[in-house]
Structures are given as structure tokens and as C-alpha cells.
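Below: one structure, written as C-alpha cells.
Counting starts at 1 for both ligands and their atoms, following the listed order.
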Amino acid sequence: MSTQWTRRQVLARVGIAAAAIHTLDPHELCCVLPADAKTTDKDLFELKRVADGVYAAIAAPAYKVNSNAAVIVTDDGVVVVDSHSKPSAARAVYTEIQGVTNKPVRKIINTHFHWDHWQGNEVYAAASAGVEVVTSQRTRENLTRPDAGNGGIPFIEKQLATLPKEIDQLKDEVLRATNPETKARLESNLQQAEAYLRELRGLKPTLPTRTISSTVTLREHGREIQLHLLGRAHTDGDLFVYLPKEKVVMTGDAVIDWMPFLNDGYPEEWVRTLEALEKLDFTHMILGHGEVATKDHLAFFRGYLTDLIAAVKKAAADGATLEEMKKGVGDQLAPTYERRMSKYPLGQYRDRVGLNIEMVYRKVVKKG
Ligand SMILES: [Zn+2]
Ligand SMILES: [Zn+2]
């Protein structure tokens, strides 16, 4: 099976018509930046050493968000975890990889199906022959499922349908901006959005070639790489990449250094999945977004989910409306979580807490 189909070929194969695409509410999307956010279109990643031959490619804030990547060098080649939102971003990481090793990339692992973690797969597939793309069985299914959520081939069509409108709005805001600094930021974001649209139109979705349905150990030429399926969390197919010798784990978006994105998630199971993750022996986590973290960040992040669920349940039992909860629960949890959950220009506490509360209300209280 070729992994280098055109987008149209894949769409034809999975039977998705562009006409059937609904409009997206930007507030329901992962990782939407304010129109005038301070972003960068160069130096997209910084490669940071985490252990011998193990690196985190930490993404800089770009108008269309990129995930972090992990780079694992083996005696024979390179394994890359997650491939970002677009080919140009994957190319930027690939260039950095070539700065530390001239070995070919042999494997890509996608932690989950969200758009910002897999849309650059094609770059690695094109760079070296026989690249294996590994993910969980469920993530592979989600990549072609029309109703999966914020990622996959149908989501590329959704983005193509909504981006021109977003670009028109940015143009409008550029015209209306009076502050020169704001205007310059809007112009930069407009250029990035236009470039992203061009890339998206030419995307050759490269789907996983190998799936796993339970935890496996890969022996990769001097490197033991364990792929753990610990239960549902940020999505129903989250994969954790664990290096037992180096004591490093790659978490995808199941643990991040921003506020979590719950729309495609399972809040109560997420807590249990993170309890299972905690049982692994590691010191450092390469997160889906944000800087490399030490293990104690896991308890903090899980604590937020636990407290959020408890607070929403209590507010619902006390008869609060959703609007009352958004204010009340947001303020109630702020002293513990607001500062540490607002370190970056993206995914800050106040940007996301309302939507988090709504998601927990819908998924846990209403169970819909
Ligand atoms: Zn992400
Ligand atoms: Zn995600």
C-alpha cells in the first residue's frame, strides 16, 4: 500500500465528499490563536538534548500551532515522534536532525490523530525510502473517520473550507488596526495563514503503515522503545512512547504544559490513564506542547483534571447553570492552577477554563 497518495485519492478511497463538510466553530478547535498573537514564522523549533541521543524539538509559537517532536537516534537511524501541523515544520525539524546525525529517519510514531501532530508525515516518507509510520489501531481509524474530531483527513477538508474565511477576517483586521505594532503582528499572522493554506492544498496525507493494539517493545538498534497503550485520555487512541533505560516518556497531548484540550477526550478515564503512566519509571517527559518537564508535572496536570471534574460535579449537584459554573469553577480553581497553566502565549488558563468546564459538564455530568 502506497503511503504517498494525493489528498484527493485518499478522500476518494475513504469516501468523504468535500461537500459534506460542516463549518467549524473556532472556539471548539484545538490551538486557535488570537488574530494579533505574537508568533514566529522562522526558527520554528529548538532542539534540546534530553538524554544521550534523545532530543526534544520544542515548537515556537506559530500562527498555526505546531506540536513538539521527539528525536531518538539509534545505531541504525532515527525515530521521530510526531510530525507537526505542516510539511514546512517537519522540514525544519528534519534540518535540525541532520545537524546532529547523518543517519536516515527510519520510523515515525504518531501519538494521536490531531492535525498538529501528523500533517508533516509526508516529509519523512519522502526523505528516506521505507519509512515506517507507527500509531495505535484507534488513531489509524480516527485519521479517516469523518466524525473523529480535530484531526485526520476529513479535518483537512474542514480546514480548507474555513481557512479562506479566516484569512478574509485577518485582512479586515489588518485594515482596521491603528497601532503599528498590532498591525505588524496581524500582517505576519496573515502571511502565515496564507502560507498554511497553500501547504494544506498540496498536502499528501501519509497514513500510518503499522498499528498496534496493545503495548509493544521495539528493539531499535541499541535502543529499547516501548509503545504503551494505557487507556483513553486526550483521545481514544493515545500512545505513550517510553524509553526505560533513559527514563524518558513522550506523552503527546495527554500531558502538556498548557491547559488541556478536552473536546476529543475522556476526562475521568484520562485521570486513570495518567495514574497508569505514573507507574512507569521515568524522570523526564517530552510533552505535546510546552517545555520538557520533570515527572512532578504529571501530578500537577492530573490534579487539575481531578479537581476540575470534582468541582463541576459539585456545582451541578448544587444546581448551578453552565454559565454560573464557567465563572464559579474557573475562579475556584484559579489560585491553584492559573499561574502555572498560563506560562506560554497559548493555551492559557483563562482562554480554556470555560471550555474545559463545559466539556466536563457535557461528558461527565450529562454523559453526552
Ligand atoms: Zn497538540
Ligand atoms: Zn491533541
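Take the N/O/S atoms of H112: the one nearest the Zn ion (ligand 2) is NE2. Residue-level check: among N/O/S atoms of H289, NE2 sits closest to the Zn ion (ligand 1). Note on D116: its N/O/S atom closest to the Zn ion (ligand 1) is OD2.
One hydrophobic cluster holds both M359 and Y361 under the rule that ILVMFWY side chains link at heavy-atom gaps under 4.5 Å.
For the Zn ion (ligand 2), the set of nearby N, O or S atoms under 2.8 Å includes none belonging to H117. The Zn ion (ligand 1) has no N, O or S atom of H114 under 2.8 Å away, backbone or side chain. At a cut-off of 2.8 Å, D253 is counted among the residues with an N, O or S atom near the Zn ion (ligand 2).
Under the ring pair (Phe, Tyr, Trp, His ring centres under 6.0 Å) criterion, H297 pairs with F300, not counting sequence neighbours.
Ring-centre distance between F45 and H84: below the 6.0 Å cut-off. Between H112 and H234, a ring centre-to-centre spacing shorter than 6.0 Å is recorded.
Across K171, K158, K64, a single residue satisfies salt bridge (Lys or Arg N to Asp or Glu O under 4.0 Å) together with E166, and that is K64.
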